[in-house]
S.K.: 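Below: one structure in structure tokens.
The chains referred to below are lettered A, B, ... by the order of the sequence lines, with proteins before strands, and numbering in each begins at 1. Note that these values count all heavy atoms, side chains included, but never hydrogens, waters or copies made by symmetry.
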There are 2 protein chains.
Amino acid sequence: MTQPSRASIGAKRNPATETAVLAAAQDILAEGGIQALTMEAVAKRARASKATLYRWWPSRARLLLAVYSASKDSLPTPDTGSLHGDLVAYVGAMLRHWSEMPEGRVLRHLIAEAQSEPAVMEALKAQRAARWHHIRQLLDRAAARGELAPGLDVAACETRIAALAWFWLLTDTIPTPADLPTEIDQLLAPVLAPAG
Amino acid sequence: MTQPSRASIGAKRNPATETAVLAAAQDILAEGGIQALTMEAVAKRARASKATLYRWWPSRARLLLAVYSASKDSLPTPDTGSLHGDLVAYVGAMLRHWSEMPEGRVLRHLIAEAQSEPAVMEALKAQRAARWHHIRQLLDRAAARGELAPGLDVAACETRIAALAWFWLLTDTIPTPADLPTEIDQLLAPVLAPAG
DNA sequence: ACATATGGGAACGCTGCGTTCATATATAGA
DNA sequence: TCTATATATGAACGCAGCGTTCCCATATGT
């Protein structure tokens, strides 16, 4: 299991190093959780030097970010025929990714780090913009079907959905798959009685 | 400004020590932000020893929590006659507290710490339960006025509101007081078109 | 008087961050 | 072919902050 240390391959970056570092980081994450993921531990496990590590990932937060980004967005954009069904499928997949995959569990700590590191905050913002595209698609399809209330602010609606998902993540209250349909139902339910 | 060091007052806890520590922590927070709030810095400023500090606040997170809890819940429970108005007033006050008061700014870091420290997570949960009582009151009054949609799950609605506020806090996108009414409007707006 | 619990001061070990240095290696360009 | 360049490494360093431990002084209350 212990491969030999890599050497420079000349005046260009060694791709094997990046691979080894990210793999090591993911392994450590899976085995010891986030607090085990220190720069020293990653360097040791990847058989890279801290100098190399810091050359390419200037801070621990940046490394975390790279690990999270490397976890491919394998989330589907389902098409079940109704907004409710689509949301249950999509949000359900997202929650599963967050709670079950070691890389997914990183997000909550990235959010945490972002509270102290503006760079991480910016990076997360960019990541969000990309990922929310999926939610937007679901909403657009629902609009095309005439499901949505006229005059609905789609951007605000996106935020509403994502905010709830974050809240679940950050308060350790992610609903079970069995409960999710009800939760989505309540999310879509109107608060106010129809104007009379 | 530099008071003399306190001594033991015998076989009972010196209240002046607790006061001095919390005051020092708040001062440091106001001057240098959260990253300046280290146990060493607080001890030095409060002219207490680290031993004393750790006797009463066993970890940095517990100290943060004490500082946040000490910031009185001065949030009003307004009664403007409509749910929309009440929410604008209440959530607006909450957002102002979070963004302007040094102690308020602690919350985001407590949320961050909670992601690694179960004890903080539990404490925050308890704090939440207490604070949300206010939102519940607003909703209950709205229900009494017949404003709410029949069959609305009030608890889910509470969560929806709080989740959005958290999201604003954690993504550095707290709306301005001028924008808040629109945001609340969109929060209350129905997503789906009336069933036909 | 005496056990008790507090508060202070100082030092310690530990971990982890981020840096620096000298050295070896392979590339790219002339 | 020769040379400048950029890479990777290992080892060591400084630094900060956490949490702990000893020793001692002090006031309590019994």
S.K.: Could you pull out all residues at least two apart from A:Arg136 that satisfy salt bridge (Lys or Arg N to Asp or Glu O under 4.0 Å)?
M.R.: A:Glu158

S.K.: Partners of A:Trp56 by ring pair (Phe, Tyr, Trp, His ring centres under 6.0 Å), sequence neighbours excluded?
M.R.: none

S.K.: Rounded to the nearest angstrom, tell me the gap between atom CD in A:Glu40 and atom P in C:dT15.
M.R.: 10 Å

S.K.: Would you kindly compare A:Lys50 and B:Thr52 by the position of their nearest DNA chain C nucleotide and give the one closer to the 5′ end?
M.R.: B:Thr52

S.K.: What residue among B:Leu63, B:Thr52, B:Val67 forms side chain to side chain contact (heavy atoms under 4.5 Å, CB included) with B:Val21?
M.R.: B:Leu63

S.K.: For residues 55-65 of chain A, which residues have at least one heavy atom under 4.0 Å from DNA chain D?
M.R.: A:Arg55, A:Trp56

S.K.: Can you sort out which residues in residues 15-37 of chain B have a heavy atom within less than 4.0 Å of DNA chain C? Ascending by number, please.
M.R.: B:Thr17

S.K.: State which of C:dG9, C:dC17, D:dC18 makes the closest approach to the side chain of B:Ala51.
M.R.: C:dG9

S.K.: Would you call A:Arg60 and A:Glu113 a salt bridge, using N to O less than 4.0 angstrom?
M.R.: yes

S.K.: Salt bridge check, B:Asp140 against B:Arg145: does any charged N sit closer than 4.0 Å to a carboxylate O?
M.R.: no

S.K.: To the nearest 0.5 Å, tell me how far A:Leu83 CG sits from A:Ile184 CD1.
M.R.: 8.5 Å

S.K.: Strictly below 4.0 Å, heavy-atom distances to any atom of DNA chain C: list the hits from residues 111-123 of chain B, or just say none.
M.R.: none

S.K.: Examine A:Arg96 relative to A:Trp168 and say whether NZ or CZ is less than 6.0 Å from the centre of the six-membered ring and inside a 45° cone about the ring axis.
M.R.: no

S.K.: Could you check whether the rings of A:His134 and A:Tyr90 sit parallel, tilted or perpendicular, using 30° and 60° as the cut-offs?
M.R.: tilted

S.K.: Does one side chain, of A:Thr176 or A:Asp179, offer a donor that lies under 3.5 Å from an acceptor on the other?
M.R.: yes

S.K.: Check the distance between D:dA11's P and A:Lys44's NZ and give it to me in whole angstrom.
M.R.: 11 Å

S.K.: Tell me which pairs pass side-chain hydrogen bond (donor to acceptor under 3.5 Å, both in side chains) where either residue lies in residues 20-34 of chain B, with sequence neighbours left out.
M.R.: B:Glu31-B:Arg45

